[in-house]
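A, B, ... follow the sequence lines: proteins, then strands. Residue 1 opens every chain.
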2 protein chains.
Amino acid sequence: MVIATTPDPISNTFAALADPTRRAILARLAPGEASVTELAEPFKMTLPAVSKHLKVLGRAGLIARGREAQWRPCRLQAGPLKDADEWIERYRRHWEESFDRLDSYLQELR
Amino acid sequence: MVIATTPDPISNTFAALADPTRRAILARLAPGEASVTELAEPFKMTLPAVSKHLKVLGRAGLIARGREAQWRPCRLQAGPLKDADEWIERYRRHWEESFDRLDSYLQELR
DNA sequence: GGTATATTTTACCAACTGGTTAAATAAGAG
DNA sequence: CTCTTATTTAACCAGTTGGTAAAATATACC
């Protein structure tokens, strides 16, 4: 199974977050680690499909894998999320400003 | 040119951010609006390629297009970035905690 | 060794992506 | 109307993605 490796970590992070299944997996891992079968349970896709999603998350550094008997538990690694957050934060001013404009427009309407 | 439309706005946003060219375009738009040719200038790709990137950003709601004579100026729309930021923020505790663990480990090493 | 459970790998497929070139469209200027 | 400039569309291509089914691998248990 070929998984493309961008030499650009933040692109990998955003690409990994661009899929609802993968975001749900991260949400499931927030309270603590889980096995692949546990992670797959809520989805109506096959186990290999989930395994691929985990590989994408792993490549992005968003999860780490353990080894316990025949289980390969996953746990969240939030480091890349920090980088993504810092990238987005640079635009905070913009969405706050555009809210202000909408707000004062709504004021005018009264 | 077929541009896939996910019924999932935040997936579109993250997918749009997953490309370095598109992130650079957004950065260029932060100080103010720009024409397509101006946006294309720093890249060694053709104009239609940039036009496609702008379409992806438009679909994600990250830019709006104007009309001035034969120019179609782009300006940043940061709304979707706010949603992306809010999604990521839920994990802030996780990257701060993992920093704390690294920090106390480094303390121990001394 | 043989069996059961958990997970990954392989091979395959249709759809999407990111790029190209060439042609089409839009608007201003002479 | 013609020419120039700005931009998009169309057709195409190679590579990636997200899924599948079937086979392979890993570990525990008897």
Side-chain angles (χ1 to χ4, degrees), chain A residues 1-26 28-29 33-60 62-75, chain B residues 1-26 28-29 33-60 62-75:
Chain A
M1 182 181 17
V2 180
I3 294 277
T5 45
T6 316
D8 175 358
I10 201 165
S11 292
N12 283 337
T13 305
F14 283 130
L17 296 180
D19 184 282
T21 303
R22 288 192 292 263
R23 289 197 307 279
I25 289 175
L26 292 181
R28 169 64 186 79
L29 291 176
E33 62 176 36
S35 74
V36 179
T37 334
E38 285 167 345
L39 289 173
E41 194 273 326
F43 306 107
K44 65 183 207 328
M45 67 184 69
T46 60
L47 226 50
V50 173
S51 192
K52 276 194 182 182
H53 283 302
L54 294 177
K55 190 161 280 195
V56 174
L57 290 168
R59 171 189 57 172
L62 286 163
I63 61 171
R65 315 291 310 262
R67 169 70 60 122
E68 268 179 54
Q70 67 269 57
W71 293 272
R72 307 287 316 278
C74 303
R75 62 178 185 285
Chain B
M1 181 179 23
V2 180
I3 292 278
T5 45
T6 315
D8 176 359
I10 200 164
S11 292
N12 283 338
T13 305
F14 282 130
L17 296 181
D19 184 283
T21 302
R22 289 192 293 262
R23 290 197 306 280
I25 288 174
L26 292 181
R28 168 63 186 80
L29 291 176
E33 61 177 36
S35 74
V36 179
T37 333
E38 284 167 347
L39 289 172
E41 194 273 326
F43 306 107
K44 66 183 208 324
M45 68 184 69
T46 60
L47 226 50
V50 173
S51 191
K52 277 192 183 185
H53 282 303
L54 294 177
K55 190 160 280 196
V56 174
L57 290 169
R59 172 188 55 173
L62 286 163
I63 60 170
R65 315 293 308 265
R67 167 71 58 123
E68 268 180 55
Q70 67 268 58
W71 293 273
R72 307 286 318 276
C74 303
R75 63 177 185 286

Item to check | For atom CG of A:L57 and atom P of D:dT17, their distance in whole Å | outcome: 13 Å
Checklist outcome for this item: 5' to 3', nucleotides 13-18 of chain C under a 4.0 Å protein heavy-atom cut-off (B base, S sugar-phosphate only, - none) gives ---SSB
Checklist outcome for this item: 5'-most contact on DNA chain D (nearest-nucleotide basis), B:P48 vs A:P48, goes to B:P48
Checklist entry - Where is the tightest heavy-atom contact between B:E38 and B:P42, given as atom of each residue plus distance? => result O-CD, 3.7 Å
Checklist entry - From B:N12 CG over to B:L17 CG, what is the distance, rounded to the nearest 0.5 angstrom? => result 10.5 Å
Checklist entry - Nearest 0.5 Å, what's the OG1-CG distance between B:T21 and B:L57? => result 10.0 Å
Next on the checklist: Is B:K44 close enough to C:dG19 that one of its side-chain N or O atoms is under 4.0 Å from OP1 or OP2 there?
Outcome noted: no
Checklist entry - Does OP1 or OP2 of D:dA6 have a side-chain N or O of B:S35 closer than 4.0 Å? => result no
Item to check | Reading 5' to 3' through nucleotides 25-30 of chain D, protein heavy-atom contacts under 4.0 Å coded B for base, S for sugar-phosphate only, - for none | outcome: -SBS--
Checklist outcome for this item: B:R72 atom CZ is separated from C:dA26 atom P, nearest whole Å, by 11 Å
Checklist entry - Any side-chain N or O of B:S51 less than 4.0 Å from the OP1 or OP2 oxygen of D:dT8? => result yes
Next on the checklist: B:A24: which residues meet the side chain to side chain contact (heavy atoms under 4.5 Å, CB included) condition with it, sequence neighbours left out?
Outcome noted: B:F43
Item to check | Between D:dG19 (C1') and A:L54 (CG): distance, integer Å | outcome: 15 Å
Item to check | Interatomic distance, A:L62 atom CG to A:L29 atom CG [nearest 0.5 angstrom] | outcome: 10.0 Å
Next on the checklist: Rounded at 0.5 Å granularity, tell me how far CD in A:E68 sits from CD in A:E33.
Outcome noted: 6.0 Å
Checklist entry - What salt bridge (charged side-chain N to carboxylate O under 4.0 Å, His left out) pairs are there with at least one residue in residues 17-26 of chain B, not counting sequence neighbours? => result A:D8-B:R23
Item to check | Below 4.0 Å: OP1/OP2 of D:dT8 and any side-chain N or O of B:R65 | outcome: yes
Checklist entry - Please give, in whole Å, the distance from C:dT5 C1' to A:E41 CD? => result 17 Å
Checklist entry - Partners of B:R65 by side chain to side chain contact (heavy atoms under 4.5 Å, CB included), sequence neighbours excluded? => result B:V36, B:L54, B:I63, B:R72, B:C74
Item to check | Whole-Å gap separating P (C:dT9) and CG (A:L47) | outcome: 13 Å
Checklist entry - With sequence neighbours left out, what residues match A:P48 under side chain to side chain contact (heavy atoms under 4.5 Å, CB included)? => result A:T46
